[in-house]
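Structure first, commentary second.
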Amino acid sequence: MLPDTERTINAEPILDVRNLRTHFFTDRGVVKAVDGVSFQLYPGETVGVVGESGCGKSMTAASIMRLVSHPGRIVGGEILFMGEDLVRKSEREMRRLRGNQLAMIFQDPLTTLNPVLKVGRQITESIRVHAGDDREDGGFFGWLRRLLDPSGRISRKEAWDRAVDLLRQVGIPAPDERMRAYPHEMSGGMRQRVMIAIALACNPVLLLADEPTTALDVTIQAQILELMQDIKEKRGTSILLITHDFGVVSEFCDRVIVMYAGKIVEQAPLDELLDNPRHPYTQGLLASIPRLGDKSHKVRPIKGIVPELHDLPPGCSFSTRCPLADEYCGRVEPELEEIAPGHLVACHKVDATAAGAKGA
Amino acid sequence: MNIAQVITRLLQLIPVIIGVTFIVFSLMYLTPGDPVEVMFGGEGAVSEEDLARIRRELGLDRPFFEQYLRFLGGLLRGDLGMSLVQRQPVARLIAGRLPATIELTAAAILVSLVIAIPAGVISAVRRYSTIDKLGTLGTLLGVSMPDFWLGLVFILLFGITWKVLPISGRMPFGMEPEHVTGLFVVDAVLTRDWVALKTALRHLALPAITLGTSMAALTMRVTRSSMLEVVQQDYITFARAKGLSGTQVVLGHALKNALIPTVTVVTLNIGILLGGNMIVESVFAWPGLGRLVVDSIYNRDYTVVQAAVLIYAITYVTMNFLADVLYTVLNPRVRF
Amino acid sequence: MATATPTTPVDGRAARRRAWARTREQLADFWRRFSKNRLAVVGGVVLLLVIIMGLFAPWIAPHDPTLPNFRNRFAPPAWMEGGSWEHPLGTDQLGRDMLSRIIWGARASLKVGAVVISFATVVGIFMGLVSGYYGGWVDVVIQRLSDILLAFPYLVLAIALMGVMGPGFGNLILALVYKEWVTPSRIVRGEVLAAKNVEYVEAARAVGARDRHIMWREILPNTFSSVIVVATLRVAWVILMEASLSFLGLGVQPPEPAWGSMIAQGREYIFSSWWLATFPGIAILLTVLGINLLGEGLRDALDPRLRE
């Protein structure tokens with residue numbers, strides 16, 4: 001399954017996000033966590049979303065799942081998933097998608113798995129919850145009815161067997177035993193595998209992975225990435241990988257989206273982005289990565305801090321930290337423009353950045 | 001928590017309980033007034049020589065520590081002394097009153113849990129809603145209300161104005177169900193005496209609600225705040241990401257976590273119920289231990305007061321211990 | 001900013017000025033957060049009214065609260081048939097004016113609440129400081145004593161103490177204070193233990209500051225907000241306990257008007273004259289509610305960590 005980075009094949013995107021805006025209405029003002037984000041994800045493709053914490057990458061994923069919590073709200077845009085707009089779906093319709101065609105894994109498996117429930121219960125639950133989906137789903141009473149009348153659901157035994165099988169697939173030894181353990185009785189890597197198993201329970205079309213390796217040791221990180229690579233190849237699942245780690249992106253993604261202060265500032269196929277980054281922020285991110293064994297490379301962290309999201313500068317959000325910014329940048333917001341096939345940049349100084357591609 | 005840890009924790013209780021017995025004993029030892037005089041109905045009823053003789057017989061002329069050790073020895077044998085006024089073993093008097101108090105306390109706990117846990121959960125899940133605001137105001141009213149006054153208001157409304165519920169006692173004389181446990185509600189069910197059951201429940205209603213109110217307020221507050229904390233956790237978002245409904249998430253994932261602190265607080269708050277007992281039993285003429293203590297204070301029957309205070313304190317200490325044990329039983333993460 | 005050594009008097013003044021500015025800023029910040037909480041402000045106003053009632057009872061009360069008038073017993077409140085504005089809340093079984101008695105009752109409740117909590121807080125701070133700072137056997141003794149006192153359920157020992165010692169203001173204070181000091185002492189002790197290893201205390205000790213100086217100047221100020229919040233909330237509790245004791249006839253003694261004992265007397269006549277027991281109860285409820293609202297507002301504004 002080759003990634004469709006060149007968009008030469010006329011495949012329909014599996015996910016088409018159009019001008020998504022998710023805002024938080026706080027006491028201190030409106031925080032535009034996601035502000036006009038558009039991108040596509042094609043079948044079998046893996047796209048990385050990178051940026052510093054607070055840039056809106058996690059909120060983009062939460063918006064796709066429609067799991068933005070108070071005081072946040074999706075205020076505009078469309079999220080077309082397999083042709084259907086998730087923004088307009090009812091909560092009940094969303095519930096049928098979540099954990100089914102649309103699955104998500106989170107950063108820290110220790111806090112993401114329920115500490116007081118055994119692992120087995122948490123996996124079988126995600127198998128069983130979608131087994132009776134075709135039946136009427138009427139809130140509390142629907143739940144009660146299904147509880148009293150389990151026909152149309154799969155049996156506990158069946159769900160158990162499938163869960164054991166899932167654990168085996170994600171590489172957990174002695175899965176039968178592990179089913180009876182509490183999350184805290186497992187190692188971090190094992191827990192992350194459990195979480196992946198839960199996400200895969202209903203064979204999702206799209207997997208949103210929010211920093212899936214950040215909380216893990218480096219060696220475990222590699223194992224988990226390998227597992228995800230394996231899933232991608234065997235199942236053809238499309239993956240949206242949210243991370244701040246360019247190392248993970250370069251190993252794993254076909255295409256990269258760089259976000260800053262709620263907006264996409266650059267988007268390109270992986271190799272293009274690594275070889276020819278054009279947004280000063282992307283260049284800064286790449287320059288700030290320490291490289292092993294390369295003494296000539298100097299780590300240069302980006303100056304300044306991410307601006308408060310409820311108090312953004314009027315023009316380009318990055319202008320307060322940008323080495324190239326001038327008065328115009330601080331006044332007029334740049335648009336995302338395609339400068340090469342599949343390579344989009346939002347910068348007024350895009351002509352000036354080409355020469356200094358490897359660190360201006 | 002394994003057995004060894006439970007035993008360690010139990011052993012830690014011993015110095016506390018010894019301290020409690022010491023305080024209770026000294027309190028009564030230092031009491032102004034002569035217990036022997038109380039026994040015989042006040043000053044001058046008995047000649048000086050007789051008083052001295054009775055004191056000697058009761059060991060009241062012994063030094064403080066000797067008397068204390070005898071008191072401790074008696075406790076270990078289950079001997080709580082003699083009532084000065086009623087001329088009966090205190091242990092028997094108290095045993096006769098315990099079922100009424102246990103029944104009332106259990107009913108109050110039940111009432112408070114039935115109200116407080118759903119209210120707390122709904123309040124947290126519907127945060128910022130009108131229901132939540134009303135609930136929060138209700139808890140504040142509940143903790144600010146003197147229970148004896150609430151009891152009187154209930155008496156005024158349900159007993160006097162609307163005349164729908166009885167306002168005093170446990171049961172009219174002669175209607176008691178056959179004695180099995182002493183808890184009328186339980187006995188009535190066991191002996192299938194439905195008339196007695198109905199009467200017992202009707203008598204229980206007002207005292208139990210009065211006693212349960214402040215506890216309900218505290219329990220609801222804890223349930224709400226721990227629920228609010230729990231619903232912000234990642235595992236709740238993940239549960240929703242699995243496609244579970246709101247009800248499934250709340251009942252299946254959030255509640256068990258939220259109830260861990262609630263159970264602890266409920267167990268600890270039983271101490272408040274024990275104090276409230278005396279007040280509420282006095283208001284509703286409920287023939288339990290609390291009323292016995294208050295009556296004994298009026299009668300200066302200090303041996304009864306002493307024993308009852310001791311029983312209250314030991315119950316409370318035991319509840320604290322149970323709270324610790326329950327906390328670890330419910331929370332698989334804690335191994336202390 | 002001058003780079004001069006901190007010993008020059010000019011700089012010392014500047015430092016003091018800066019410290020004062022910081023304090024003022026903190027106060028302003030506190031007030032901003034507190035005043036936004038409308039319920040807390042309402043609670044504060046209610047408490048203020050009750051305090052005014054208590055302080056100025058002799059001038060505010062329309063009648064002598066202890067003066068019986070046997071010609072006018074059980075007069076109903078003014079808005080009921082047979083009532084008059086001479087006695088807005090009616091009269092009791094001895095013909096005494098209910099409103100005046102309730103106003104004077106505020107005095108009794110506040111007096112007990114204030115004395116008990118001040119006493120408990122002072123003792124608690126002292127015990128906490130000593131226990132935390134010196135540690136060792138002093139700490140063990142104080143902590144075991146606290147454990148033992150905490151083993152008595154609320155009110156149980158207070159009732160027994162009052163029963164045994166007999167009524168009286170001093171006894172009442174003692175019966176309510178005996179374990180009230182434990183909470184502030186544990187807060188202070190915790191803060192002391194936390195601060196013990198913090199750099200500025202070690203620095204103070206290194207330059208030879210004496211223990212007492214360190215305790216009073218370096219550690220204690222950090223505990224103020226927690227102690228104040230707890231003290232406020234505990235006043236509400238103490239007032240409830242005082243009312244309970246008075247209700248049982250073990251607290252404030254007649255003829256001194258106290259809300260709890262007024263309710264106890266009103267209880268006898270509840271079949272015929274409901275107002276005798278009802279109004280004092282409303283007075284308790286409003287006072288305690290006001291203090292609770294104020295206390296929670298203070299807690300949220302001063303020390304968000306204290307939130308349950």
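Letters go in sequence order (proteins before strands), and every chain restarts at 1.
Few gaps surround CD on A:Glu93; more than 12 heavy atoms of other groups in view lie less than 6.0 Å from it.
Remark: B:Tyr235 OH to A:Thr112 OG1 distance equals 11.0 Å, nearest 0.5 Å. How far CG of B:Asn257 is from CG of A:Leu117: 7.0 Å, rounded to the nearest 0.5 Å. Here the CZ-CE distance, from B:Phe238 to A:Met65, works out to 9.0 Å after rounding to the nearest 0.5 Å. Here CZ of A:Arg98 is found 10.5 Å from OG of B:Ser245. Values are rounded to the nearest 0.5 Å.
If you tally non-hydrogen atom pairs under 4.5 Å between each of A:Ala103, A:Gly99, A:Ser126, A:Pro115 and chain B, the highest count goes to A:Pro115.
With a 4.5 Å cut-off on non-hydrogen atoms, A:Met94 does not touch chain B at all. Using a 4.5 Å cut-off between heavy atoms, B:Ile236 makes no contact with chain A at all.
Heavy atoms only, all atoms of each residue included: B:Ala241 and A:Met104 are closest at CB-CB, 4.5 Å. Minimum heavy-atom separation, B:Thr237 to A:Leu67: O-CD1, 3.8 Å.
One N or O on the side chain of A:Asn114 and one on the backbone of B:His253 form a donor-acceptor pair closer than 3.5 Å.
Using a 4.5 Å heavy-atom threshold, the side chains of B:Lys242 and A:Gln122 count as touching.
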